[in-house]
Student: 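I have a structure I would like to understand better, so I am pasting it below and will then ask my questions one at a time.
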Amino acid sequence: MIASGFNLFLIPHRLLSGGVSGLAMLAGYFTPFNISLLYLLFNIPLLVAGWFQLGRRFIILSMVSVGATTWLMTVVPVFQVSSDMLLASVFGGVLVGAGAGISFRVGGSSGGFDILGSIITRYRDFPIGSVLVGLNGLVILAAAYFDDNWNLALASMVSIYVTGKVVDLIHVSHIKVTVYIITNRTDELLQQLLGLQRGVTKFKTEGAYSHVERDMLMTVTTRYELAELKRIIKTSDPQAFVNIVETVGVMGSFRKR
C-alpha cells in the first residue's frame with residue numbers, strides 16, 4: 001500500500017509524503033539518487049534509535065516493513081494514475097496511511113517519523129497520527145523553500161493530513177474505553193481479565209427490582225484491546241450485562257502498551 005501510494009500517486013506529481021519518506025522524495029527530486037534507496041538509508045538511524053527505546057519486536061517488524069516497502073518501490077512502476085494533483089494527494093495519503101496504520105496495528109511501524117512518533121507517544125498520551133502531522137510540517141516547509149512551488153507544498157499537506165487521519169482510524173490504541181461488567185461468574189472472568197495486564201475493580205451490586213446481589217467488574221482498556229475483552233466475556237459469561245463507555249481521559253497508573 002505504501003509503495004503504491006508513493007509510486008502511483010505522489011511521486012508522479014512530485015508530491016511529498018512527509019517524514020523520512022518525504023525527505024527521501026525531496027532529495028530524490030533534486031539529486032540523481034534513487035528514492036527507494038534514500039528511503040532505506042534515512043530509516044537506518046531511526047531504526048537503531050528505536051531498538052533501544054521501543055523494543056526488539058517493534059523494530060524487527062518495522063525493519064520488515066521498511067525492507068518490503070523499499071523492495072516494492074522498485075517493483076511497482078512510477079505511473080501517474082490521476083492527472084489531478086489534489087486527487088492524487090488524497091488517494092496517495094489514504095494508501096500510505098492505511099499501510100502505516102496496519103503496520104502499527106500488528107505491533108510495528110512503517111519506519112521513519114513513525115518511530116519518532118512512537119517514542120513521543122510512549123511518554124505523552126497523544127494520538128500518533130496527530131504527532132506525525134506536526135513532525136511532517138517541517139518537511140513541507142522545506143519542500144516549499146527548495147521547489148518554490150506552494151501548490152505542491154499545499155497538496156502535500158493535504159496528503160499528509162489524510163495519512164495521519166487514516167492512521168488514527170486504524171491504529172486506535174490511544175482511544176480509551178471503560179467497561180462495566182455485571183456477572184455471576186466473577187472468579188472465572190477475573191482469571192481471564194487479569195491476564196490482559198489491565199487493572200480490574202470489583203463492586204458488590206444489588207438489582208433495584210430483583211434485589212439479587214451480583215458483582216460488577218470495572219476496567220479501563222483501549223479500543224484496540226476491546227475485541228479481545230469482548231471475546232473473553234462472551235466465552236466466560238455469555239449472560240453478563242456489559243456497558244462500554246468511551247473515556248475522555250485517564251489519570252494515574254494506566255499502563256500504555
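This structure is a prediction, so every number in the text was calculated from the model and none was measured.
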Student: Please tabulate, for the side chains in residues 66-76, all donor-acceptor contacts under 3.5 angstrom to protein atoms that are two or more places apart in sequence or on a different chain.
Tutor:
unit_1	atom_1	unit_2	atom_2	d
Thr69	OG1	Ser65	O	2.8
Thr70	OG1	Val66	O	2.8
Thr74	OG1	Trp71	O	2.4

Student: How far apart are the closest heavy atoms of Leu189 and Ile233, and which atoms are they?
Tutor: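 Nearest pair, atom of Leu189 first, then Ile233: CD2-CA, 4.0 Å.
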Student: Hey, is the main chain of Val200 close enough, under 3.5 Å, to the side chain of Thr219 for a donor-acceptor pair?
Tutor: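 It does not hold such a pair.
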Student: Can you measure from CG (Asn151) to OG (Ser156) and round to the nearest 0.5 angstrom?
Tutor: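 It comes to 10.5 Å.
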Student: With clusters built from Ile, Leu, Val, Met, Phe, Trp and Tyr whose side-chain heavy atoms come within less than 4.5 Å, directly or transitively, what are the remaining members of the cluster of Tyr209, listed by chain and number?
Tutor: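 So far as hydrophobic clustering goes, Tyr209 is joined with none.
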Student: Mind checking what makes side chain to side chain contact (heavy atoms under 4.5 Å, CB included) contact with Phe79, not counting sequence neighbours?
Tutor: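 Phe79 satisfies side chain to side chain contact (heavy atoms under 4.5 Å, CB included) with Leu8, Val81 once adjacent residues are dropped.
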Student: Could you work out, with salt bridge (Lys or Arg N to Asp or Glu O under 4.0 Å) as the rule, every residue matching Arg185, not counting sequence neighbours?
Tutor: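 Arg185 satisfies salt bridge (Lys or Arg N to Asp or Glu O under 4.0 Å) with no residue once adjacent residues are dropped.
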Student: Quick one: are Ser159 and Leu16 in side-chain contact, heavy atoms under 4.5 Å?
Tutor: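 SC-SC contact between Ser159 and Leu16 ruled out.
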Student: Test of understanding: with side chain to side chain contact (heavy atoms under 4.5 Å, CB included), list the residues that count as partners of Leu23, not counting sequence neighbours.
Tutor: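 Leu23 satisfies side chain to side chain contact (heavy atoms under 4.5 Å, CB included) with Phe42, Val139 only.
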Student: Kindly indicate whether the side chain of Val94, heavy atoms from C-beta on, has any atom under 4.5 Å from the side chain of Thr163.
Tutor: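 Not in contact.
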Student: Minimum heavy-atom separation for Ala100 to Val167, with atom names?
Tutor: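 Looking at all heavy atoms of both residues, the closest pair is CB-CG2, 3.9 Å.
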Student: Using a 4.5 Å cut-off on heavy atoms from C-beta on, say whether the side chain of Tyr29 contacts that of Ile35.
Tutor: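 Side chain of Ile35 against side chain of Tyr29, heavy atoms only: contact under 4.5 Å found.
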Student: Apply the hydrophobic cluster definition, ILVMFWY joined by side-chain contacts under 4.5 Å directly or through others, and give me every member besides Ile182.
Tutor: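 Reading the cluster by chain and number, Ile182 sits alongside Tyr180, Phe203, Met216, Met218, Phe241, Val245.
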Student: Residues in side chain to side chain contact (heavy atoms under 4.5 Å, CB included) with Gln239, at least two apart?
Tutor: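 Once residues adjacent in sequence are excluded, the partners of Gln239 under the side chain to side chain contact (heavy atoms under 4.5 Å, CB included) criterion are Asp237.
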Student: For residues 76-93, which residue pairs qualify under side-chain hydrogen bond (donor to acceptor under 3.5 Å, both in side chains), counting only residues two or more places apart or in two chains?
Tutor: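 Passing the test, one end in residues 76-93: no pairs.
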Student: Okay, side chain of Thr247, backbone of Thr178: is any donor-acceptor separation there less than 3.5 Å?
Tutor: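 Yes; judged by distance alone, with no hydrogens or angles, the pair exists.
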Student: Side-chain contact, heavy-atom cut-off 4.5 Å: Arg198 with Val220?
Tutor: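 They are not in contact (no side-chain heavy atoms under 4.5 Å apart), so the answer is no.
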Student: Can you measure from OG1 (Thr186) to CD (Gln191) and round to the nearest 0.5 angstrom?
Tutor: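 CD of Gln191 is found 13.0 Å from OG1 of Thr186.
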Student: Sort and list the pairs that fulfil side-chain hydrogen bond (donor to acceptor under 3.5 Å, both in side chains) and have at least one residue in residues 4-24, not counting sequence neighbours.
Tutor: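 Non-adjacent pairs meeting side-chain hydrogen bond (donor to acceptor under 3.5 Å, both in side chains): Ser17-Ser21.
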Student: Is it true that a side-chain atom of Thr205 and a backbone atom of Arg214 form a donor plus acceptor pair closer than 3.5 Å?
Tutor: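 Checked: pair present.
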Student: Among residues at least two apart in sequence or on other chains, which ones pass side chain to side chain contact (heavy atoms under 4.5 Å, CB included) with Lys230?
Tutor: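 Here the qualifying residues are Leu226, Ile244.
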Student: Tell me every residue that passes salt bridge (Lys or Arg N to Asp or Glu O under 4.0 Å) with Asp215, counting only those two or more places apart in sequence or in another chain.
Tutor: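 Salt bridge (Lys or Arg N to Asp or Glu O under 4.0 Å) list for Asp215, sorted by chain: Lys204.
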Student: Linking I/L/V/M/F/W/Y whenever their side-chain heavy atoms sit closer than 4.5 Å, directly or via other members, would Val64 and Ile59 fall into one cluster?
Tutor: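 Shared cluster, no.
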Student: If you look only at pairs with a residue in residues 30-47, which of them pass as a side-chain hydrogen bond (donor to acceptor under 3.5 Å, both in side chains), with sequence neighbours excluded?
Tutor: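 Applying side-chain hydrogen bond (donor to acceptor under 3.5 Å, both in side chains) to every pair that reaches into residues 30-47, excluding sequence neighbours, yields Asn34-Ser36.
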